[in-house]
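The block underneath contains the structure these notes are about, expressed in C-alpha cells.
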Amino acid sequence: MPPVLLRASACCSGVLRKIFLEEDMLDIKYLRENLKEAGERLKKRGKGIDLSPFSSLDEKRRGLIKEADGLKERRNAVSEEIGKLKKEKKDAGGLLGGMQEISQRIKSLDKEAQQCEDELKRFLLEIPNLPHPGVPDGKDENDNPAVRVVGEKPSFSFSPKGHVEIGEALGIIDFGRAGKIAGARFALMKGEGALLERALINFMLDLHTREHNYKEVWTPFMATAECFVGTGQLPKFEEDLFKIEGWDHYLVPTAEVPVTNIHREETLDEASLPVCYTAYTPCFRKEAGSYGKDVKGLIRQHQFDKVELVKFTAPERSYDELEKLTNDAEEVLKRLGLHYRVMLLCTGDLGFSSAKTYDIEVWLPGQDRYREISSCSNFEDFQARRADIKYRPGHGGKLKFVHTMNGSGLAVGRTVVAILENYQQQDGSVIIPPALRPYMGGLEKIERKG
RNA sequence: GGAGAGGUGGCCGAGCGGCUGAAGGCAGCUGCCUGCUAAGCAGUUGUAGGGGUAAAACCCUACCGGGGGUUCGAAUCCCCCCCUCUCCGCCA
C-alpha cells in the first residue's frame, strides 16, 4: 500500500513536515549575521529573490522559543519537586496549582513556534544557493565565458546532415514507432543504434571506474520526495518531474538524486573522502516549458540515458575536486575524438542548487553549433545541509557538512548525436570512434543495410 | 496481502511513569603506571535549538523510529504511521 496518499493529502501532517521541513537549506545563523551580503550574492542570479521575510520570521521564532523554554524550565523544576514530595509520602497538592495552565501555555507556544519554523523553512527551501564569489556576473547563457576549447571542428567535403536524418536513413533510430509507443520526445533505437547506446554506457563506466577511481553504483530509478528535497529539485521544481501516481515516488531526472542520497543522514568518515561514485541511470524529465524546443531528435527527450559522476568531499578540497571531475567528463569526449568547449556559467545562468558550474558543450556539425553534453557543478554544502550529510574533521572535531558535486560523464543520447554528426560520411555511413569499437564487437562503421 | 517479533547513545545492550542524556559492556580520547607489544587504574567522550561571551566558560530546552494523546511529570501508558526481521501467501 502506498504510504504516500496519506502524506500527499494530509497537508500539514507531521510526516509531510518531516519530508519537507526537517532540512536546513542556507545556514540560518549565517543568514542572521550576513543577511545583506547574502542578499547581494543572490541578487546576482537576477531572479528577484527577496530575503526580507527572513528576519521577522526568525525573530518571531526565537521569541516564542525563549518564552516556551522559560516555562518548561519552571515546569520541570516543579515536577521534580512533586516527585520528591510524593516519594517522601508528603502532600504535593499545593504545587499542582496552575501547572495545568502552564502546560497548556507551553503547548500552544510550541505549536506557534513550530508553525513559525515551518514557515521559515518553507521560505528558505525555495531560496537558491549562493553563487561562488569567483563566478562571473551575467544575465544568461550569452554571458558565459569559455574557459577552454579542445580539439577542432571537423571539416566536411559535403554538407553535414543532422543526426535525425542520419539515424533514420541508417535504420538505427525510429522516431515514428517510438511515438506509437510513448508519444513525442521518445526514441526507439534499433540494431546498431541500440548497440551504440549500450556501448557508450559501458565505455563511460569503464573509463571512470578503471581510470578515474569512481565506484560504480546502480540505483533505484525512482526516489522518494525526501530525496528530491535533499538535492534541491523539490519543492520548487515539481513540474519538471514525473510523479508516480498514488506513491511518494518520482522517476529520477538524473542519477544525482539517488546517488547523492546514498549518504543522506549519514556521517562520513573523513579518511574516506572524497567519496566518488559513477552511475548509469535513465533520466526522466517532463521538459515542461520547453514546448517547441528541439522537438525533433535525440537532443531533448522525456527519457534519456546518462552516466553520472558524483563526489562527496571535504570543503577545502571541493573546488579542486570539481576541476578533476570536469576533466574526467571531458576525457570521454577526448577519447571519442569529439571537439568541445568548456563554459563557466555566469551568475544568471547558474542552476538552483549550484554555487559554480561548468558546462561542457560538444560541437554538432549537423546543427552548426555547440550543445551542452555535460554540466559539472559544485553545490558546496547546499545539498549536504538539505540531505544532512556530514563528516567529522580531524580528531573528534565538530561535525561539518561535506561538499557535494556532480557532473554528467556524459549524457549518452547527446553523445550518440555527436558521434553520428561528427563521424558521418558522404555515403551516409558513420565511422565508429576507435575507442568505442571494443564495445561494439569490433564494428568500425555503421552502414545502411542491403 | 495475512500472522508474529522488534526499533534505545559510534556499536552491543538494560530500563518499562519521577532521582535516566539515559545502567553495564565494547570502541574512542586524556592522564597515571608498567618496559614489552598489550594489560591495569582513574577521568572523559552525543546531537540540535535558545540565551550568554570579543571568543570561550557557562545556563536553559529538546531529542530513546516518526506524529499525536493521557499526566504536574513519559524512553516508560494509549492511538496512528513508518521501518527491520521471521513464518505463510503471491510473484519476476
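Naming convention: chains lettered A, B, ... in sequence-line order (proteins, then strands); numbering from 1 in each chain.
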Residue whose closest nucleotide on RNA chain B lies nearer the 5' end, Gly70(A) versus Glu80(A): Glu80(A)
Interatomic distance where NZ belongs to Lys84(A) and P belongs to G73(B) [whole Å]: 18 Å
Basic-acidic side-chain contact under 4.0 Å: Glu331(A), Arg335(A): yes
Interatomic distance where CZ belongs to Arg75(A) and C1' belongs to C60(B) [whole Å]: 13 Å
salt_bridge(Asp58(A), Arg62(A)) N-O dist < 4.0 Å: yes
C12(B) versus G67(B) - spacing of their P atoms, nearest Å: 22 Å
Parallel, tilted or perpendicular, as decided by the 30° and 60° cut-offs, for the rings of Phe352(A) and Phe382(A): perpendicular
Which nucleotides of RNA chain B pair, in dot-bracket form (Watson-Crick or G-U under 3.5 Å, | meaning another strand): ((((((((.[[[..)..(.....]]]((((((.......))))))((((((......)))))).[[[[[..)....]]]]])))))))....
Nucleotide N/O of nucleotides 50-52 of chain B paired with protein N/O under 3.5 Å:
{"from": "G50(B)", "atom 1": "OP1", "to": "Arg32(A)", "atom 2": "NH2", "distance (Å)": "2.7"}
{"from": "G50(B)", "atom 1": "OP1", "to": "Arg61(A)", "atom 2": "NH1", "distance (Å)": "3.4"}
{"from": "G51(B)", "atom 1": "OP1", "to": "Arg62(A)", "atom 2": "NH1", "distance (Å)": "3.3"}

Pairwise C1' distance, C26(B) and G9(B) [rounded to whole Å]: 13 Å
Donor-acceptor under 3.5 Å (Arg61(A) side chain, Glu117(A) main chain): no
Rounded interatomic separation in angstrom, taking CD from Gln104(A) and P from G69(B): 10 Å
NZ/Lys296(A): more than 12 non-hydrogen atoms of other groups inside 6.0 Å: no
Any Asn76(A) side-chain N or O less than 4.0 Å from OP1/OP2 of G73(B): no
Pairwise P distance for G6(B) and U76(B), with rounding to whole Å: 15 Å
Any Ser103(A) side-chain N or O less than 4.0 Å from OP1/OP2 of G73(B): yes
P gap between G40(B) and A55(B), integer Å: 45 Å
Nearest-angstrom distance, P atom, C63(B) to C19(B): 13 Å
Salt bridge flag under 4.0 Å for residues Lys72(A) and Asp110(A): yes
Nearest-neighbour nucleotide for the Glu73(A) side chain, G69(B), C72(B), C60(B) considered: C60(B)
Distance, C1' atom - from C58(B) to A54(B), rounded to whole angstrom: 16 Å
Rounded distance (Å) that lies between atom C1' of U61(B) and atom CZ of Arg105(A): 17 Å
Cationic N near anionic O, under 4.0 Å, Glu40(A) to Lys44(A): no
Lys72(A) side-chain N/O to C72(B) phosphate OP1/OP2 under 4.0 Å: no
Nearest to side-chain heavy atoms of Arg392(A), which nucleotide of C72(B), U61(B), U47(B): U47(B)
Audit row: Gln233(A), Thr231(A), side chain to side chain donor-acceptor pair (under 3.5 Å) steps and yes/no: CA-CA 6 Å; Gln233(A) 286 81 8; Thr231(A) 38; 2.6 Å; yes
Electrostatic pair Lys449(A):Glu192(A) at N-O distance under 4.0 angstrom: yes
Nearest-angstrom distance from the residue atom CD of Glu265(A) to C1' of C83(B): 13 Å
Value in whole Å for how far the P atom of U47(B) lies from CG of Leu399(A): 6 Å
Residue Lys390(A), side-chain atoms from C-beta onward, closest of G18(B), A62(B), A48(B): A48(B)
Distance-minimising heavy-atom pair for Gly409(A) and His208(A): O-NE2, 2.8 Å
Length of the CH2-C1' vector between Trp247(A) and C82(B), whole Å: 14 Å
Value in whole Å for how far the C1' atom of G68(B) lies from CG of Asp110(A): 14 Å
C1' gap between G24(B) and G17(B), integer Å: 23 Å
Ring geometry between His212(A) and Tyr214(A) (parallel below 30°, tilted from 30 to 60°, perpendicular above 60°): perpendicular
Nearest-angstrom distance, P atom, C83(B) to G31(B): 48 Å
5′-ward residue of the pair Arg74(A)/Met99(A) relative to RNA chain B: Arg74(A)
